[in-house]
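Quick note: numbers below take in every heavy atom, side chains included, and nothing from hydrogens, waters or symmetry partners. Whatever order the structure lists ligands and atoms in, that order sets their numbers, starting from 1. For this chain, numbers begin at 1 and follow the sequence in order.
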Amino acid sequence: MKTSNKSKKENISSNTDKLKRQIDKLKEERERLYALLNITKNLSAEINLEKLLIKIMEEVRKILNADRCTVFLYDENTNELWSKVAIGLDDEIRFQADKGIAGHVWKTGEVVNIPDAYKDTRFNPEIDKKTGYKTKSILTMPLLNLYNDVIGVFQVLNKKSGSFTRHNENLLSAISVIAASAIENAILNEEQKKSFTSFIETLSTTLDTRDYITAGHSRRVTLYALEIARIMKFDQEQMEIIRIAGLLHDIGKIGVPEVVLFKDRKLSEDEYEIIKRHANLTKSILNKIHFLKKYRAIPEIAASHHERIDGKGYPEGLNGDNIPLGGKILAVADVFDALTSRKPYQDRMGLDEVMEIIEKDTGIAFEPFVVYNFKFIRLNKLILVLEYGHTEEMDKDELKILESHTLSDIIDIRTKAGKSASELEVENVFMRYYLREYRVK
Ligand SMILES: [Fe+2]
């Protein structure tokens, strides 16, 4: 009877242990699912690679209760593993892809889970030396995509209590698939962006190269327009619209015969009509590009850079509010560059005369609010665009002097009777660059 009771008790105790273990396992499983769900939700919307990497590292650090997490990606151009930003570090980390534990994991695809890094010969203490950090426990795992390709390495450092468990390994392995797919998505997105940007830049350079008289015009107009947009507090998306519309505003000139485009004498009325066609051509060429929905206004903005607010511009003869704001900005940037750019046969027009022409047409051709904002452009930025392509010869200290004044200031200073010493210095520095004499080669 006694023995039977003991055996019953043992049975109950063993069942209780089993149940406890099952409950712990269920808890771990619930924790794992919750973490995966959370990380999927947080990562899926992020397509900016840098922001995504930071998010992944921060999430994993929290979930694994560790001090630091780094995602290393492989750079096939340099055969290095690199991390853009590591939590707690400012700089980019880079090292040869066969170095250290991360390198070992990259090469072999093995998981390395060690409680004391300094007792492992594969550990590379160089980064610790550089940063003053003390690595203790490490969990390093290959970052595998859905096709089981290793695209990088996950490295989690210094578990806050004890060392990394098998449960941590399983969790990180599941996160790795989600993270790898989000990273590949973000990389693809960046590649697409780069490819689109290079396509736009190539089109613009093609145009600027053909037109040797106004070489660099599209680039300078874009830079002026972006400065105006920045002063007018445009957001990033609006700035990108201005940038693309600026680079391609004259793309229609491709369809204008060279004999008319490069004529250095006064144009006949018919020839002028042919030149004017470029605005409409810009629109029809740009309408052939498939822009993302957020950039759909670009053809219209680019094509409206010769519209005037009095309705006497072209191609549509739009007036006032009917002209897109981007077009009004490009119009001011366009005329400023046309008047101030150096030509093979002539130096740039004097600043006072340029500003007189613009002022005279403000409220007639140009939107007053745009001209008003344009005059807030800092002189260092203005001269850098005016002298685009010759900026390497500029003195940094002199640019610093110009930074504290605007275009509006220099117009005032030039007409002022009693100038202060600092005003005189600004005027001298700016005008010396403005009037530099050399011919476009
Ligand atoms: Fe134009």
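- Side-chain N/O atoms of Thr70 and Gln155 include no donor and acceptor closer than 3.5 Å.
- Any protein N/O/S atom under 2.8 Å from the Fe ion (ligand 1) was counted, giving 4 altogether.
- For the residue pair His305 / Asp250, a side-chain donor-acceptor distance below 3.5 Å is found, with atom types taken as modelled.
- Ring pair Phe72/Trp106: centre-to-centre distance not below 6.0 Å.
- Under the ring pair (Phe, Tyr, Trp, His ring centres under 6.0 Å) test applied with His249, the options His278, His306, His217 reduce to a single match, His217.
- For Asp128, the side chain to side chain contact (heavy atoms under 4.5 Å, CB included) partners are Tyr118, Phe123, Tyr133, Thr135, not counting sequence neighbours.
- Look at Lys55 and Glu58 and you find no salt bridge, because none of the NZ, NE, NH1 or NH2 atoms lies under 4.0 Å from a carboxylate O.
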